[in-house]
2 protein chains.
Amino acid sequence: MESPKRQIILQTPNLEGAKKAIKTGIARHRTVVIAGSCTVDYDGRASSKLEEGERLIIFKPDGSALVHRPKDYSPVNWQPSGSIFHTRIGKDGLVIRVFRRKERESMVISLTMIQMVAVLDLVDNGDFTLYATEKEMQEAILFKPDILEPGFRPMTKEMAVDPGFIDIIGYDADDILAVVEIKRVKANKKAVEQLKKYMDVIDLDDSRRVRGILVAPDITDNGSELLNQLGYEYKPLTPQECSEILKQKRGTPLTAFFEP
Amino acid sequence: MESPKRQIILQTPNLEGAKKAIKTGIARHRTVVIAGSCTVDYDGRASSKLEEGERLIIFKPDGSALVHRPKDYSPVNWQPSGSIFHTRIGKDGLVIRVFRRKERESMVISLTMIQMVAVLDLVDNGDFTLYATEKEMQEAILFKPDILEPGFRPMTKEMAVDPGFIDIIGYDADDILAVVEIKRVKANKKAVEQLKKYMDVIDLDDSRRVRGILVAPDITDNGSELLNQLGYEYKPLTPQECSEILKQKRGTPLTAFFEP
DNA sequence: GCCTAGGTCCCGTGG
DNA sequence: CCACGGGGCCTAGGC
């Protein structure tokens, strides 16, 4: 009796051998990597046809599937996680159908020649942490509001309105209400329009002044123009700066600033 | 003298052997696939840290790089095409640095254990065609304007305004001007706002009536509400229908409808 | 399920 | 080069 191997790698297998390895790999929740010549037909939200050529195909244990050409960042065809695989040998060669219930869409890969099949048991529990995100910018302003401007006091974060979410609402040193919209990349006209949408909800009565503040590392000319037109303000701030600020106080829970 | 192999596949190689194969593969513009235990550090527009775990790594001849965990559609770390690779053995194992000039960002992969290295010569010249896109919806309306409504005559396509592009402008059966905005997926409030933006540019003088028509396979409740508020109209149309219509007349150039 | 907004979005198409 | 909008975007977070 064989003990189950951690990996199976087949070089230029015949279709029958490839099929067996692929089916076994999928059944055992392995990551399956195939290199070979294929066509791909997709049909669902849109539809597509990929003519014969050599590609790299990946099936993951979570039901995601990728077909990569030997160029480009993005897969030429794919299915997101939660898909179901069906492998069989037909007149077009080794046919793998990847079906997604939710979107009622399917991707059919027909392999005619196979260079490699690798069935891999990838164990991956490593933590992944991303820094310098928009969320970190928000946290940095809540933690050290002076980086927005001296005397600023945040009152709410992620306030649901209209529909949408205002990143931060607070009071400035003169007790004027301020709506803060944060962007981690250069802000454009759309970002200003987004801020306006929130201002339209908050700035209802003319008696009370409300400031609109756009926080971003940079702003486009068109964005700046509209901003000035609407009487809003721009505060330059980079996600990297914010990330640095948070590093100084990593460990202090964010909730501490809202609890007595 | 060896003839260059079409593919090199190494199972559980040592770091030195892996390094040699990877360097050769990159130099010869091959697609390099690595399975192994690694950490990844990214620094650029944002930054990230990925702790030790087993992943699938892909380097393509166009300078794109992907690190895939055994789950998810999207890579956990990556660089788009145009990156430069540098491979060396250091104290952290086999270290591959992927550098991108344009964004001044880098991804460093440190491999400690390697399950597989595959150097593949993927030849892929197959055509890829995507159907049922927004562009096809536009073409279908230009080709057979009656699918929008009987008597509709398109005048311009992709008219640049403001900034932005109005998908189609035309006259209806009663010679009323109509601004048409197309969405290939369910239209939401944002889509209606986009139409409004274009209407604000076209519908300047109150003397002339202008219709705003949103074409989409479906519309959200919020979108519909705003649409009614603004007095615009919704025309249901699916990208699939449009794709079918175009199939009937594939071959007729789009320009034919604008030339004498 | 719907809806909104973010993304190291990527990518193409203008100017 | 910058700016804007599309994408089979995908994905997370609310409701």
Side-chain angles (χ1 to χ4, degrees), chain A residues 40 42-48 64 72-82 100 102-107 128 130-135 137-138 158-167 181-191 193-194 197-198 218-224 239-240, chain B residues 40 42-48 64-65 67 72-83 98 100 102-107 128 130-135 137-138 158 160-165 167 181-191 194 197 218-223 239-240 243:
Chain A
V40 184
Y42 156 76
D43 198 64
R45 289 163 291 175
S47 59
S48 70
S64 45
D72 302 335
Y73 157 84
S74 53
V76 60
N77 281 109
W78 72 90
Q79 288 291 349
S81 63
R100 205 147 60 107
K102 193 185 153 194
E103 298 277 0
R104 290 203 184 289
E105 60 185 359
S106 72
M107 172 174 75
F128 176 72
L130 184 62
Y131 304 96
T133 59
E134 183 181 309
K135 196 167 191 324
M137 293 181 75
Q138 190 195 31
E158 294 290 319
M159 200 184 92
V161 292
D162 190 27
F165 299 88
I166 299 178
D167 288 331
E181 172 63 29
I182 304 169
K183 289 287 164 217
R184 70 169 302 285
V185 293
K186 187 187 270 210
N188 60 15
K189 216 177 152 180
K190 217 166 197 168
E193 280 162 3
Q194 199 177 335
K197 206 176 73 179
Y198 300 143
D218 200 355
I219 186 164
T220 67
D221 289 345
N222 283 330
S224 194
Q240 284 80 4
Chain B
V40 185
Y42 156 74
D43 198 62
R45 290 162 291 174
S47 59
S48 69
S64 45
V67 179
D72 301 335
Y73 157 83
S74 55
V76 61
N77 282 109
W78 72 90
Q79 286 296 326
S81 65
S83 302
V98 183
R100 205 147 61 106
K102 194 184 154 196
E103 298 278 358
R104 289 202 184 292
E105 60 185 0
S106 71
M107 171 174 76
F128 176 73
L130 183 63
Y131 305 96
T133 59
E134 184 181 309
K135 196 169 189 328
M137 294 182 74
Q138 189 196 27
E158 296 288 320
V161 292
D162 192 26
F165 295 88
D167 289 330
E181 171 64 27
I182 304 168
K183 289 289 163 214
R184 68 170 300 285
V185 292
K186 187 187 270 210
N188 59 15
K189 214 175 153 182
K190 217 167 198 165
Q194 199 176 330
K197 208 175 72 179
D218 199 355
I219 186 164
T220 67
D221 290 344
N222 283 329
Q240 283 80 4
S243 197

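Letters A, B, ... mirror the listed sequences (proteins, then strands); counts begin at 1.
- Using a 4.0 Å heavy-atom criterion, one finds that A:G44 contacts no nucleic acid atom at all.
- Distances shown here put every side-chain N or O of B:Y73 at or beyond 4.0 Å from the OP1 or OP2 atom of C:dC9.
- One donor-acceptor pair, N or O on each side, does fall under 3.5 Å between the base of D:dG8 and the side chain of A:Q79.
- Here D:dG13 sits opposite C:dC3 as a Watson-Crick or G-U wobble pair (both hydrogen-bonding atom distances under 3.5 Å).
- Heavy atoms of B:N77 sit under 4.0 angstrom from at least one base atom.
- Between the side chain of B:D72 and the base of D:dT11, no donor-acceptor pair of N or O atoms lies under 3.5 Å.
- Look at B:R184 and you'll find a side-chain N or O under 4.0 angstrom from OP1 or OP2 of D:dC9.
- If you check every strand for non-hydrogen atoms under 4.0 Å, A:V161 touches nothing.
- At a threshold of 4.0 angstrom between heavy atoms, the contacts of A:Q138 with the nucleic acid are absent.
- Annotation: of the two residues near DNA chain D, A:S48 and A:N188, the 5′-most nearest-nucleotide partner is A:N188.
- Taking atom C1' in both D:dC9 and D:dG5, the straight-line distance is 13 Å, to the nearest Å.
- The nearest whole Å value for the distance from the CD1 atom in B:I182 to the P atom in D:dG5 is 16 Å.
- Closest to the B:Q194 side chain, of the nucleotides C:dA5, D:dG6, D:dC10, is D:dG6.
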(request) Tell me, with the steps shown, if B:Q79 and B:E103 meet side chain to side chain contact (heavy atoms under 4.5 Å, CB included). (result) CA-CA 10 Å; B:Q79 286 296 326; B:E103 298 278 358; over 6 Å; no
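- Nearest-nucleotide assignment on DNA chain D puts the 5′-proximal partner with B:K102, out of B:K102 and B:S74.
- Using a 4.0 Å cut-off, some side-chain N or O of B:R45 falls inside it from OP1 or OP2 of C:dC10.
- Rounded to whole Å, the distance from CE on A:M159 to P on C:dT4 is 17 Å.
- Contact annotation: side chain of A:E134 to base of C:dG6, donor-acceptor pair absent below 3.5 Å.
- Where A:F128 and B:I219 meet DNA chain C, the nucleotide closest to each residue was compared, and B:I219 sits on the side nearer the 5' end.
- Counting non-hydrogen atoms under 4.0 angstrom, A:E105 reaches a base of the nucleic acid.
- Contact annotation: B:W78 side-chain N/O to C:dC10 OP1/OP2 distance is under 4.0 Å.
- Residue B:K190 is the one, among B:P80 and B:K190, whose nearest nucleotide of DNA chain C lies closer to the 5' end (criterion: closest heavy atom).
- One atom, CZ of B:F165, and another, C1' of D:dC4, lie 8 Å apart when rounded to the nearest Å.
- For the pair B:K135 and D:dG8, the criterion of a side-chain N or O lying under 4.0 Å from OP1 or OP2 is not met.
- B:K183 has a side-chain polar atom (N or O) that falls below the 4.0 Å cut-off from OP1 or OP2 of D:dG6.
- Across all strands, B:D221 comes closer than 4.0 Å only to sugar-phosphate atoms, never to a base (heavy-atom distances).
- Between B:V40 and B:M107, the shortest heavy-atom contact is CG1-CG, 3.6 Å.
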